[in-house]
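First comes the structure, then the notes that go with it.
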2 protein chains.
Amino acid sequence: MATTSASQRAEQSRREFDAFMAGCASRQLLDRIADKWVTLVLAALGESEDGLRYSELSRRLAGVSQKMLTQTLRALERDGLVAREVTASVPVRVDYQLTALGRSLLVPVMQLKAWAEAHMTEVLAAREAYDARG
Amino acid sequence: MATTSASQRAEQSRREFDAFMAGCASRQLLDRIADKWVTLVLAALGESEDGLRYSELSRRLAGVSQKMLTQTLRALERDGLVAREVTASVPVRVDYQLTALGRSLLVPVMQLKAWAEAHMTEVLAAREAYDARG
DNA sequence: CCGCATCCGTTCGGATACTG
DNA sequence: CAGTATCCGAACGGATGCGG
């Protein structure tokens, strides 16, 4: 029985996939910053010079669950984009701020934001026109 | 029975969320271009001046399923970023190419790509260092 | 050749409860 | 205050088969 044919084809497909991916270094980073909350956290931290406490971030990004906020902060910390500083008082205080790397990422991200603000109406118009046609 | 308390709280949370989102126009666009395949399709179409056939795109982006490719192309078409041209022959031929809007989006996307290529090693180093510590 | 419909496993993300 | 652990529905995404 050729029970492996499906997985073999899948693996071959995956190999081609990886090959293409390897040639596109930006993909992994895009996957990171494309995350639903990363941009918001980056923007929030970028606005305040000396960082924000966990609770301040939580208030500023109302609508995000602690789970997602913590998850996002951990990922950013892991990638060296934000710095986490724990003050061992009672109660505990934790501050987050952008690293130099994080601030440098903010530049292209803001350019993207500028594009969005400049062309948003065109996109929305195109979308409505498309939906109107069916 | 206060069966609505949970949904009420969710709705309130959502309202605050939307309020924050309204102040950040880039979010909707980011959600669009952050899509797993959008950037690749954009890049592929950006490289060839006169567009690509569906099957050519499919080969270039080996690893993407037809479902995802079609889904992505529809979304991009809807937003006015790519143009779809059907040649009613037998068999059917369909060409896709970037619109002016799509080409303009390519600019900030490429800057982001440039950032990624410039800082990828730093990110990977930070990641390894983080994982080594625990 | 192009693309839609369906099925199905995997992942995402929110709510909740609990710890130091 | 700042998390961690768990549960669970919703959405994502791939494989396959059919239709124009």
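Chain A is the first sequence line, chain B the second, and so forth, proteins listed ahead of strands; every chain is numbered from 1.
- Atom CG of L42(A) and atom CG of L76(A) lie 6.0 Å apart (nearest 0.5 Å).
- By the 4.5 Å heavy-atom criterion applied to side chains, Y130(B) and R74(A) are counted as neighbours.
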Would R59(B) and E56(B) count as a side chain to side chain contact (heavy atoms under 4.5 Å, CB included) if you check the C-alpha gap in whole Å, the side-chain angles of each, and the deciding distance to 0.1 Å? CA-CA 5 Å; R59(B) 252 190 309 280; E56(B) 291 176 315; 4.0 Å; yes
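- Within the 4.5 Å cutoff, side-chain heavy atoms of V94(A) are placed close to those of R84(A).
- For the atom pair CG (D79(B)) and CZ (R127(A)), the distance works out to 4.0 Å, reported to the nearest 0.5 Å.
- In this entry the distance linking CD of Q66(A) with P of dC7(D) reads 18 Å, nearest Å.
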Going through the checks in order, is the side chain to side chain contact (heavy atoms under 4.5 Å, CB included) test met by L112(B) and L105(A)? CA-CA 8 Å; L112(B) 204 53; L105(A) 174 55; 4.3 Å; yes
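- dG3(C) atom C1' lies 18 Å from atom CD of E85(B), rounded to whole Å.
- Rounded to whole Å, atom C1' of dG3(C) lies 11 Å from atom CG of L73(B).
- The CG-P distance, from L57(B) to dG3(C), rounds to 10 Å in whole Å.
- One finds no side-chain N or O of R84(A) lying less than 4.0 angstrom from the OP1 or OP2 phosphate oxygen of dA2(D).
- Listed pair S58(A) / dA2(D) fails the phosphate criterion, with no side-chain N or O lying under 4.0 Å from OP1 or OP2.
- Listed in residue order, the members of residues 88-99 of chain B having a heavy atom less than 4.0 Å from DNA chain D come to none.
- Side chain of D35(A) to main chain of W37(A): a donor-acceptor pair is present (N/O by atom type, distance under 3.5 Å, no hydrogens or angles).
- Candidate nucleotides dC2(C), dA2(D), dT4(D) were compared by shortest atom distance to the side chain of S55(A), and dA2(D) ranks first.
- To the nearest angstrom, P of dC2(C) lies 14 Å from CG of L61(B).
- For Y54(B) and dG20(D), the OH to P distance is 18 Å, given to the nearest whole Å.
- Between M68(B) and E56(A), the residue whose closest nucleotide on DNA chain D is further toward the 5' end is E56(A).
- Distance NZ (K67(A)) to P (dT11(C)): 13 Å, rounded to an integer number of Å.
- Residue T70(B) has no polar side-chain atom (N or O) positioned under 4.0 Å from OP1 or OP2 of dG3(C).
- Atoms CD (E77(A)) and P (dA2(D)) sit 15 Å apart, rounded to a whole Å.
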